[in-house]
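In what follows, a structure is listed as structure tokens, so that the remarks can point back to it.
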Amino acid sequence: MSYEGSCHCGAVAFRVDGDVPTEAMSCNCSHCRRKGFLLSFVPIDTFSLVTGDEALTDYLFNKHAIAHRFCATCGCQPFGVGKGPDGTEMAAVNLRCVPSIDLDSLTVQKVDGASF
Ligand SMILES: [Zn+2]
């Protein structure tokens, strides 16, 4: 199975090979709370950027552990790329940018990132 997502203007599109997530992470850190992410972490080798590499701008902060990639045209941030606690490279997919997912059906796990 796979699912696809995009930024609002369509310049950036991606595909994830794997089951459609039923859970999402909602974090209260200074960055996530402002952007309202519902995130799903997937192994980087299941993530494909279909189009838009030239449209993306990276936002880095704190320890620069995650490249928060957003569309320079419409401002949407469909995903980020970084390493998990064990050093594995992961993609953090913003499920709000996946139109086929019913957001209300997701089990939301709250993460207290503000306290990290
Ligand atoms: Zn865009």
Side-chain angles (χ1 to χ4, degrees):
M1 286 194 65
S2 68
Y3 53 97
E4 296 180 356
S6 61
C7 70
H8 190 254
C9 74
V12 178
F14 65 88
R15 185 182 69 245
V16 179
D17 293 313
D19 291 337
V20 176
T22 57
E23 293 186 350
M25 197 193 84
S26 174
C27 174
N28 65 357
C29 84
S30 60
H31 184 242
C32 291
R33 65 180 293 153
R34 283 174 167 78
K35 291 190 173 171
F37 294 132
L38 287 173
L39 293 176
S40 174
F41 288 83
V42 301
I44 195 73
D45 59 358
T46 67
F47 179 90
S48 314
L49 185 62
V50 176
T51 185
D53 195 45
E54 70 294 333
L56 287 162
T57 299
D58 287 1
Y59 176 55
L60 302 168
F61 67 98
N62 196 2
K63 296 173 185 168
H64 290 196
I66 299 176
H68 296 279
R69 310 206 72 192
F70 67 94
C71 173
T73 298
C74 69
C76 291
Q77 188 182 320
F79 64 96
V81 175
K83 287 188 170 64
D86 63 355
T88 311
E89 198 167 10
M90 305 286 285
V93 176
N94 182 6
L95 298 182
R96 291 191 183 277
C97 293
V98 180
S100 63
I101 292 180
D102 175 9
L103 298 175
D104 291 335
S105 74
L106 293 167
T107 302
V108 176
Q109 297 186 325
K110 294 187 177 170
V111 175
D112 186 18
S115 302
F116 288 177

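Whatever order the structure lists ligands and atoms in, that order sets their numbers, starting from 1. For clarity, every value in this text was computed on a predicted model and none was experimentally measured. Residue numbers count from 1 along this sequence.
- Protein N, O or S atom count below 2.8 Å of the Zn ion (ligand 1): the structure gives 4.
- Considering only heavy atoms from C-beta on, F79 comes within 4.5 Å of L56 through its side chain.
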Q: Tell me, with the steps shown, if D53 and R69 meet side chain to side chain contact (heavy atoms under 4.5 Å, CB included).
A: CA-CA 9 Å; D53 195 45; R69 310 206 72 192; 3.3 Å; yes
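- Side-chain atoms of N28 come within 3.5 Å of backbone atoms of G113 as a donor-acceptor pair (strictly under, hydrogens ignored).
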Without placing hydrogens or testing angles, list every side-chain donor-acceptor pair under 3.5 Å for residues 14-21, not counting sequence neighbours.
none

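- A donor-acceptor pair is defined here as one N or O able to donate and one able to accept, closer than 3.5 Å; such a pair exists between the side chain of N94 and the backbone of Q77.
- Taking the six-membered ring for Trp and thresholds of 30 and 60 degrees, Y59 and H31 have ring planes inclined between 30 and 60 degrees apart.
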